[in-house]
Amino acid sequence: MGNKREEIRAIIKDTKSLPTIPGIINKLNSMSANDKTSIQEMARIVSSDQVLSARILRLANSPSYGFYRVSTISNAMILLGVDVVKSLALSSSIFEIMETSVLGLWEHSLGTGVAANIIAKRLHLPDCEEIATAGLLHDIGKVIVKIKCPAEYQQIDEKISKEQSLFLDAETEFLGTDHAEIGGWLAKTWFLPEKLAEPIACHHDVAQSVNHRIKTAVVHVADTLIKASGFGFSGDSFVYPLQQIAWDQLGMSEQLLAEIVEELEDKLIEVKDFCLDLQSPNAD
Amino acid sequence: MQNIPITLVEAGMVLAKDVRRPDNPVGPPICGKGIELTAPLIMRLQDMGIRSLIVEGHPVWQEGDKTLEEQLAELDKRFAKSGDKPLMGMLKNVYRNYILKSMGESHGK
């Protein structure tokens with residue numbers, strides 16, 4: 001079993017085997033490391049790839065961020081930040097796979113992004129867009145399992161159907177690891193900032209989070225709320241226990257939770273419409 | 001409350017949420033919640049490109065809509081493995097109250 005875990009780790013280290021667009025990302029990474037590079041210069045590089053630009057703009061206009069009128073990459077970089085746009089560029093291929101073959105997971109991810117954004121805003125946290133992005137990306141490890149370990153993915157799926165198991169337990173049994181750890185590896189391989197990598201890697205175990213516990217706690221609560229709402233499908237239909245450490249870290253209360261749930265449920269109508277629009281024949 | 005296509009909205013229904021222009025969803029509302037809809041108002045909203053409205057209660061039954069009992073049964077199922085920790089009991093209760101409220105006083109009946 002340990003072998004399978006190492007096998008997956010090796011797959012992720014080999015970036016060539018992953019669905020992404022390394023050329024532009026490498027350029028963007030080196031440009032963003034250079035203080036003298038302007039947003040316009042970085043935007044020009046991304047805009048040179050029309051398909052990638054369209055994918056990024058579609059995500060930037062998703063209900064996860066709530067801007068709706070982001071029309072250029074340079075606008076997206078100003079509104080969402082360079083790190084967020086870079087992360088969306090890197091993960092756009094993963095989202096493409098979700099949209100076409102695991103739609104329920106795509107809905108769950110968008111919903112978690114929306115929930116994370118609502119929680120962050122309600123708590124007046126800085127970097128709401130980054131937190132929303134961490135929510136959007138939190139289950140990317142599941143896509144890697146699906147495309148790189150199809151046999152195990154099927155076994156996991158069968159176990160859940162037959163025994164009503166939790167996805168997390170089933171994947172640990174068949175892979176010796178879980179999607180959170182795999183997502184964390186992927187985030188590191190892609191050089192995503194730690195503030196995104198840690199919430200992805202620790203969203204099922206907030207206590208493991210060291211440097212970005214608040215962001216991780218938000219993503220954990222957002223994930224739990226979307227499961228409780230029954231929106232989308234993330235592999236199983238059960239709500240995972242809400243961790244006390246996350247609740248305490250955010251200073252949540254029952255009243256605040258009820259207000260967040262009400263706002264979230266309203267927004268989920270938009271998310272559903274957004275997903276339906278993407279599936280319509282006239283979509284980009 | 002219920003989100004319904006504008007073609008199924010009828011006079012007398014009450015808006016449960018503000019309505020905003022589709023081309024400016026973060027702009028000011030063009031029609032506020034609590035307003036009772038009239039036929040001319042529905043037509044005007046339709047002309048503005050509004051495709052659906054969120055109204056009070058559950059006045060229209062569409063294919064796939066779930067009854068209150070079905071929604072509460074699904075909620076129980078979703079929480080079946082989360083144990084009996086106080087936080088989970090509270091979370092479930094918040095959702096239960098939301099479902100009851102969203103179905104209106106008549107609970108969709």
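Just so it is clear, the model here is predicted, and its values are computed rather than measured. Each chain gets a letter, A, B and so on, in the order the sequences are listed, and its residues count up from 1.
Residue A:I260: no heavy atom, backbone or side chain, is found under 4.5 Å from chain B. For A:E270, no part lies near chain B; criterion is any non-hydrogen pair under 4.5 Å. Both the backbone and the side chain of A:F238 come within contact range of chain B, with heavy atoms under 4.5 Å apart. Residue B:I99 does not touch chain A at all, counting heavy-atom pairs closer than 4.5 Å.
Counted within 6.0 Å of CE on B:M43, heavy atoms from surrounding residues, nucleotides or ligands total 12 or fewer; the atom is thus considered open. Surrounding CZ of A:R122 are more than 12 heavy atoms belonging to other residues, nucleotides or ligands, all under 6.0 Å away. Residue A:Q154 qualifies as open at atom CD: its count of foreign heavy atoms under 6.0 Å is 12 or below. Atom NZ of A:K267 is surrounded by more than 12 heavy atoms from other residues, nucleotides or ligands within 6.0 Å. Heavy-atom neighbours of B:K66 NZ from other residues, nucleotides or ligands within 6.0 Å: at or below the threshold of 12.
Put simply, CG on B:L91 and NZ on A:K227 are 13.0 Å apart, with the number rounded to the nearest 0.5 Å. One finds the CG atom of A:L242 at 15.0 Å from the NZ atom of B:K92 (value rounded to the nearest 0.5 Å). The OG atom of A:S237 sits 10.0 Å away from the NZ atom of B:K81 when rounded to the nearest 0.5 Å. To the nearest 0.5 angstrom, B:N93 atom CG is 6.5 Å from A:E254 atom CD. Here CG of A:L257 is found 5.0 Å from CE of B:M90. Values are rounded to the nearest 0.5 Å. Distance CD/B:Q2 to CD1/A:I269: 9.5 Å, rounded to 0.5 Å.
Chain A forms more heavy-atom pairs under 4.5 Å with one residue of B:L87, B:V94, B:N3, B:I54 than with any other, namely B:L87. Of the residues considered (A:A258, A:G66, A:A228), A:A228 shows the highest number of contacts with chain B, using heavy-atom pairs under 4.5 Å.
Looking at every heavy atom in both residues, B:S82 comes nearest to A:P241 through O-CG, 4.3 Å.
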Item to complete: Apply side chain to side chain contact (heavy atoms under 4.5 Å, CB included) to A:S229 and B:Y95, showing your working.
Response: CA-CA 7 Å; A:S229 165; B:Y95 269 94; 3.8 Å; yes
Item to complete: Apply the test side chain to side chain contact (heavy atoms under 4.5 Å, CB included) to residues A:E262 and B:K101: give CA-CA distance (whole Å), side-chain angles for both, the deciding distance (0.1 Å), then the verdict.
Response: CA-CA 10 Å; A:E262 184 146 356; B:K101 190 178 160 193; 2.9 Å; yes
